[in-house]
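Because only heavy atoms are used, hydrogens play no part in the values below, and waters and symmetry mates are left out as well, while side chains stay in. Every chain is numbered from 1, with letters handed out A, B, ... down the list of sequences. Everything numeric in this text was worked out from a predicted model, so none of it was measured.
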Amino acid sequence: MTPTTSDVSRFTRQQRLTQANEFTTVFNHGLRLGDRQLQLLCWSNNRVEARLGLVIGKKYLRRAVDRNRLKRQIRESFRGQQTRLKGLDIVVVLRADLAAKTNAQLRQQLQQGWEQVVQRCATC
RNA sequence: GAAGUCGGCCAGGCAAUCGCUGGGGGUGCAAACCCCUGGAGGAAAGUCCGGACUCCUGAGGGCGGGAUGCCAGGUAACGCCUGGGCGAUGUGAAUCGACGGAAAGUGCCACAGAAAAUAUACCGCCGAUGGCCGCAAGGCACAGGUAAGGGUGAAAUGGUGCGGUAAGAGCGCACCGCGUCGCUGGCAACAGUGGACGGCAGGGAAAACCCCAUCCGGAGCAAGGCCAAAUAGGGAAGCAACGGUGCGGCCCGCACCGCUUCCGGGUAGGCUGCUUGAGCCAGUGAGUGAUUACUGGCCCAGAGGAAUGGUUGCCCACGACAGAAUCCGGCUUAUCGGCUGACUUCCACU
RNA sequence: GCUCCCAUCGUCUAGUGGCCUAGGACACUGGCCUCUCACGCCGGGAACAGGGGUUCGAAACCCCUUGGGAGCG
């Protein structure tokens, strides 16, 4: 099938965590990674594709514009790296105020996060 | 040309490429995929007002409570807007104003001061009249008169002048101010007044209670409706009757409960409500204007842990505040700038 | 999203327009006491979230803004 090549860079609704119980399982069992500002929780989901969930509270980013920008950057970065993260549910939790960072800085930070996930979850 | 006032509009653009999503179409049993097309704002914000919509009973009566507050108009409605009046600021264009009532009543006004609202008299002024002394001018003390001056305070019962007087005082008069009535203009607020009357009818504060006029039932899309795992807490009919609970603060009013019999309901979750609307654009008519009538055209986000984005290149004025969540009308607050119209003042030239 | 509430020294609070130049407790700090610390005693610093308005006068009354908190599935 020719369209499968484009699947690499897609990010559909099936690749999102939408249900509350899906979030709680990742929170309860997931492997906690990431740095002080962005926490990454990973858990195997017994699926082919990787799935992403976001927890971006108002506590650290007060303005909706900043929250939207961060979420878009996370999704875009996830979209580029999802082939390396197959079979994992990942929840990204905001822990610090990142409004001052540029998009390029955020992408770099997220890239480090994904590398960490790939290394630690390669065995499990 | 410079300085300024008010109003309207815009909110980086173009291209390439990789994505997300609503609608329409196509292929396919389906899952999916492809094509076309749409995809944040002037404030989307604060939730400060007003509505629509939904449920509570179809929202009813009274009390209480709340809101508004110069006049007229506009509107579905408003605390909004327009026009006008009055006051304040500015040379001016203009801007700003919680702008009803204190002789309906109650309460408050610290300190100071005689007195803070029925007025009153600390220092003063006078002591004409009455008393005493003196021939007299005059002097003495008291009764008393007075509110001009001083002093206090945020605030002290019109102002100036003349007359008047023992000293004074709207006590009298003139002018100014004020009030009531009349007249004129105006729908009205209000304005004017060579008119008449009143000596002034009496401080502030109603963002103290309050009075007057007008308006308001309560909750909110997490409203509400439908389908429905796990689990038992539910529903309908009949009977009895007191208290309790609920609707929004209370009363009236209305609804529900306890027992018996019968049988089906509902949380997680999903679907819906969900975007065609007091809509937008253009023209013509009415109106000073807000606005409105008619005609023609257009469809302009609808997500759901939540789309509207990423990267690159070029251009320029080098990009502010900021992200829809049921929907509209306003207000308020934040905001780099750009374009444009009307008007004002000053300078120069013709 | 909707509906509400609150804001006073570092912390917890009192304060019903004038007695407020804002009181108290704990904490902080200086001195005395003690061989030293603690306790105790005497003193000191320290606040009305911000901006406007009403008023002679505002922490209080009114409006706007900012910040914090609660409830509703």
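Computed from coordinates, the A:R67 CZ to C:rG1 C1' distance equals 13 Å when rounded to whole Å. Taking atom CZ of residue A:R13 and atom C1' of nucleotide B:rG19, one finds them 14 Å apart after rounding to whole Å. A straight line from CZ of A:F78 to P of B:rG19 spans 16 Å, rounded to a whole angstrom. Put simply, CG on A:D66 is 20 Å from P on B:rA44, counting in whole angstrom units. Atom CG in A:N68 sits roughly 14 Å away from atom C1' in B:rG304 (whole-Å rounding). Note: CZ (A:R63) to C1' (B:rG41) measures 15 Å, nearest angstrom. Between the C1' atom of B:rU312 and the CZ atom of A:R107 lies a distance of 13 Å, rounded to the nearest Å. Rounded to a whole Å, the NZ atom of A:K58 is 12 Å from the P atom of C:rG69.
An anti orientation is assigned to B:rU180, its glycosidic angle lying beyond 90° of 0.
Base pairing annotation: B:rA110 forms no Watson-Crick or G-U wobble pair, as no partner gives both donor-acceptor distances under 3.5 Å. Taking a pair to require two hydrogen-bonding distances under 3.5 Å in either a Watson-Crick or a G-U wobble arrangement, B:rG161 pairs with B:rC173. Base pairing annotation: B:rG217 forms a Watson-Crick or G-U wobble pair with B:rC56, both donor-acceptor distances under 3.5 Å. Pair assignment for C:rA7 gives C:rU66, based on Watson-Crick or G-U wobble hydrogen-bonding distances that are each under 3.5 Å. In this structure, B:rC346 and B:rG1 make a Watson-Crick or G-U wobble pair, each of the two defining distances being under 3.5 angstrom. Remark: B:rU193 base-pairs with B:rG182. Criterion, Watson-Crick or G-U wobble with two distances under 3.5 Å. B:rG149: Watson-Crick or G-U partner is B:rC123, with both key distances under 3.5 Å. For B:rU129, the paired nucleotide is B:rA143, the pair qualifying as Watson-Crick or G-U wobble because both relevant distances are below 3.5 Å.
Taking atom P on both B:rU332 and B:rA43, the two are 11 Å apart, rounded to the nearest angstrom. Annotation: B:rG23 and B:rC274 have their C1' atoms spaced 14 Å apart (nearest Å). Nucleotides B:rG69 and B:rA44 place their P atoms 25 Å apart, quoted to the nearest Å. B:rG7 sits 45 Å from B:rG224 when the C1' atoms are compared, rounded to a whole Å. Taking the P atoms as reference points, C:rU8 lies 39 Å from B:rG217, given to the whole Å. Separation of the C1' atoms belonging to B:rU106 and B:rA206 is 13 Å when rounded to the nearest angstrom.
For A:I56 and A:E76, each mapped to the nucleotide of RNA chain B holding its nearest heavy atom, the one lying further toward the 5' end belongs to A:I56.
Residue contacts for A:L17: at a heavy-atom cut-off of 4.0 Å it reaches the sugar-phosphate backbone alone, with no base atom in range. Nucleic acid contact for A:R16: sugar-phosphate only, since backbone atoms but no base atoms lie under 4.0 Å from a heavy atom of the residue.
Closest of all the heavy-atom pairs between A:F27 and A:R32 is O-NH2, 3.1 Å. Of all non-hydrogen atoms in A:N45 and A:E49, the two that sit nearest each other are ND2-O, 3.4 Å.
Residue A:R62 places at least one side-chain N or O closer than 4.0 Å to OP1 or OP2 of C:rG68. Using a 4.0 Å cut-off, some side-chain N or O of A:Q14 falls inside it from OP1 or OP2 of B:rA32. At B:rC18, none of the side-chain N or O atoms of A:R10 fall inside 4.0 Å of OP1 or OP2 (strictly under the cut-off).
Between the side chains of A:T25 and A:W43, no donor-acceptor pair is found at a separation under 3.5 Å.
Ring-to-base geometry does not place A:F11 in a stacked arrangement with B:rG19 (centre distance under 5.5 Å, plane angle under 30° required).
Between the side chain of A:R69 and the base of B:rG323 there is no donor-acceptor pair of N/O atoms closer than 3.5 Å.
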